[in-house]
Amino acid sequence: MDAQTWVTRQQDGLLDIALDNMPHGLCMFSADKKLILCNFSYAHMYNLREDLTVAGTPLQAILDYRANLGNGPLHTATYFDVVGLAAQKGGRASQDVTLQDGRVVRITHSSMDDGRYVATHEDITESVRNAEALVKHKETLEATVALRTKEVEEQACELERLLLQERNINELQRQFVALASHEFRTPLAIIDGAAQRLLRVKGEISLQFVRDKAEQIRSSVMRIVDLMESILAASRMENGTIQIRHEQFPLRAMIESCCHRQSTITKSHRILSNIDSLPECIEADKFALEQVFSNLLSNAAKYAPDQPDIYVSGWQEGDAVKIVVRDNGVGIDAEDVPKIFQRYFRARTSTGIPGTGLGLYLVKQIVDLHGGSIEIDSKKDRGTSLIVTLPISKKATSSSTDRTSAA
């Protein structure tokens, strides 16, 4: 053996060692797709039999064997697209191929002028999985950020709403203080005026004169007491200290008493009642409901100064009673109706009519504490109907509203 031959063999051996130690699979095929050579990594990657790694083995035989083992290309129709892509790019191209066993292999195809080609096969499964996990994590992160951003925006909107509500309440409170001051001054001025008239009278005073002044004083005192009760009740309601005490009491008699008392206060109005269909008694807080119906009757008279008739009707519906107080007065603008039970709110049609904006707020709170409801039907210049629904007994009250104090 001459020196040149020995050197050539030595180089071939080193080349074989280098090829077999490559981390990626390498193969070379002839123009008619027959194996010229492959390295150990290529055979190991696809678990090829030894006879399939010898020169002259058809590529199709290798692919058929791999398909039977379950590690062939998942999409055989696109497996050779890299060949056409390499031709377009001038002899070299890569594509990622998914195998039947779930692995992903990057095949880099390098074609030669005589039709032969070399291909490297790199297992990139882990990189692909990591990339997919990164994309999924990114999507999850984006969704989380979007959700948190939405929550922050909603919280900001809610905070803005609460701040606006607080400003509105503060403004309503300022208006209430001004109204309450005026409301107290008016009956006090009437009391003072009546007392002065009595003091200025010389000689004998007629019984009718004394009676008229006494009625003025009594009416004004009742107005002050009502104002004080409304303010104190609103305060107790806000602090959660109002208690509802259920007891059996005669409902019809209580409503008739409220109607009679209102008739003595506002003699210019006539109260027409039809409450015979109500049950004789119900289980509720008599004092609290007296406040409710006294307030509704007072409002009916106050907001219908030129319409003398007030209508009160009532009947039983199942386990509940319904009582309606109706007037033909100034009514309420449609846009004010949804706000009529808010604390301190006064409708635009109430301009020039005394009031603090607490009455219907207290009425609704008391009715709610009984597990009942109150509705309003009103149109401007067409009068107002207030419909109160109350359970007949405490047992008929739903558990969600069966409370002993304000929440």
Side-chain angles (χ1 to χ4, degrees), residues 179-180 182-198 205-230 252-276 289-314 323-333 336 340 346-360 362-363 374 376-388:
L179 280 170
H182 175 75
E183 288 291 298
F184 275 111
R185 281 197 300 268
T186 301
L188 286 172
I190 293 172
I191 293 171
D192 185 56
Q196 289 186 48
R197 289 287 303 276
L198 288 170
I205 304 175
S206 69
L207 181 61
Q208 185 60 45
F209 181 80
V210 173
R211 188 168 288 169
D212 289 344
K213 298 308 170 188
E215 285 186 358
Q216 288 180 2
I217 292 171
R218 182 171 177 268
S219 176
S220 296
V221 168
M222 289 180 66
R223 177 61 185 153
I224 292 174
V225 170
D226 287 343
L227 283 169
M228 291 175 62
E229 282 294 332
S230 294
R252 277 185 284 171
M254 184 271 289
I255 294 176
E256 287 170 354
S257 174
C258 291
C259 292
H260 176 71
R261 184 166 58 248
Q262 188 61 44
S263 295
T264 62
I265 296 171
T266 53
K267 294 182 178 180
S268 59
H269 285 76
R270 179 175 57 178
I271 299 176
L272 306 172
S273 63
N274 179 15
I275 57 175
D276 292 340
L289 291 185
E290 279 182 342
Q291 287 183 293
V292 167
F293 293 108
S294 294
N295 188 287
L296 295 183
L297 290 166
S298 173
N299 277 0
K302 184 165 58 175
Y303 294 108
D306 301 323
Q307 297 292 333
D309 290 338
I310 298 170
Y311 303 90
V312 179
S313 57
I323 301 101
V324 180
V325 178
R326 179 170 64 87
D327 65 66
N328 296 311
V330 297
I332 304 170
D333 288 295
D336 285 346
I340 201 64
R346 303 200 73 213
R348 280 167 285 187
T349 50
S350 66
T351 302
I353 300 174
T356 60
L358 282 175
L360 288 181
L362 291 171
V363 164
I374 182 167
I376 186 166
D377 181 12
S378 183
K379 291 182 181 178
K380 185 178 179 181
D381 299 324
R382 300 286 296 276
T384 299
S385 293
L386 284 150
I387 306 102
V388 176

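Residue pairs satisfying the salt bridge (charged side-chain N to carboxylate O under 4.0 Å, His left out) criterion with at least one member in residues 256-271, sequence neighbours excluded, are listed as follows: E215-K267, R270-D309.
Partners of R326 by salt bridge (Lys or Arg N to Asp or Glu O under 4.0 Å), not counting sequence neighbours: none found. Partners of S350 according to the side chain to side chain donor-acceptor pair (under 3.5 Å) rule, which considers only residues two or more places apart in sequence or in another chain, do not exist here. Under the side chain to side chain contact (heavy atoms under 4.5 Å, CB included) criterion, S378 pairs with I332, I376, T384, sequence neighbours left out. Looking at residues two or more places apart in sequence or on another chain, you find a side chain to side chain donor-acceptor pair (under 3.5 Å) between D212 and Q208. In this structure, the side chain to side chain contact (heavy atoms under 4.5 Å, CB included) partners of V330, at least two apart in sequence or on a different chain, are Y303, T349.
Under the 4.5 Å side-chain criterion, counting only non-hydrogen atoms from C-beta, I323 is not in contact with I275. In this structure, the side chains of V312 and I271 come closer than 4.5 Å at one or more pairs of heavy atoms.
Annotation for P308 and S268: closest pair CB-O, 3.5 Å, computed over non-hydrogen atoms. Closest approach of S385 and V324 over heavy atoms only: CB-CG1, 4.3 Å. Summarising the geometry of N295 relative to G359, their closest heavy-atom pair is ND2-CA, 3.1 Å, with the distance given to 0.1 Å. Heavy atoms only, all atoms of each residue included: M254 and L289 are closest at CE-CB, 3.7 Å.
Within the 3.5 Å criterion, the main-chain N or O of Q262 finds a donor-acceptor partner in the side chain of T266. At least one donor-acceptor pair under 3.5 Å links the side chain of H269 to the backbone N or O of A304. One N or O on the side chain of S263 and one on the backbone of C259 form a donor-acceptor pair closer than 3.5 Å.
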| task | Take L360 and N299 through the test side-chain contact (heavy atoms from CB on, under 4.5 Å) and record every step on the way to the result. | result | CA-CA 9 Å; L360 288 181; N299 277 0; 3.8 Å; yes

| query | Can V325 and L297 be said to form a side-chain contact (heavy atoms from CB on, under 4.5 Å), step by step? | reply | CA-CA 7 Å; V325 178; L297 290 166; 4.2 Å; yes

| query | Between V388 and L296, is a side-chain contact (heavy atoms from CB on, under 4.5 Å) present by the stated rule, with each step listed? | reply | CA-CA 10 Å; V388 176; L296 295 183; 3.8 Å; yes

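Taking CZ of R346 as the start and CD1 of I340 as the end, the distance is 9.0 Å to the nearest 0.5 Å. The structure places CG of D333 at 13.0 Å from NZ of K379, a figure rounded to the nearest 0.5 Å. Once rounded to the nearest 0.5 Å, the distance linking OG of S273 with NE2 of H260 reads 12.5 Å. Here the straight-line distance linking atom CG of L272 with atom OH of Y311 works out to 5.5 Å at 0.5 Å rounding.
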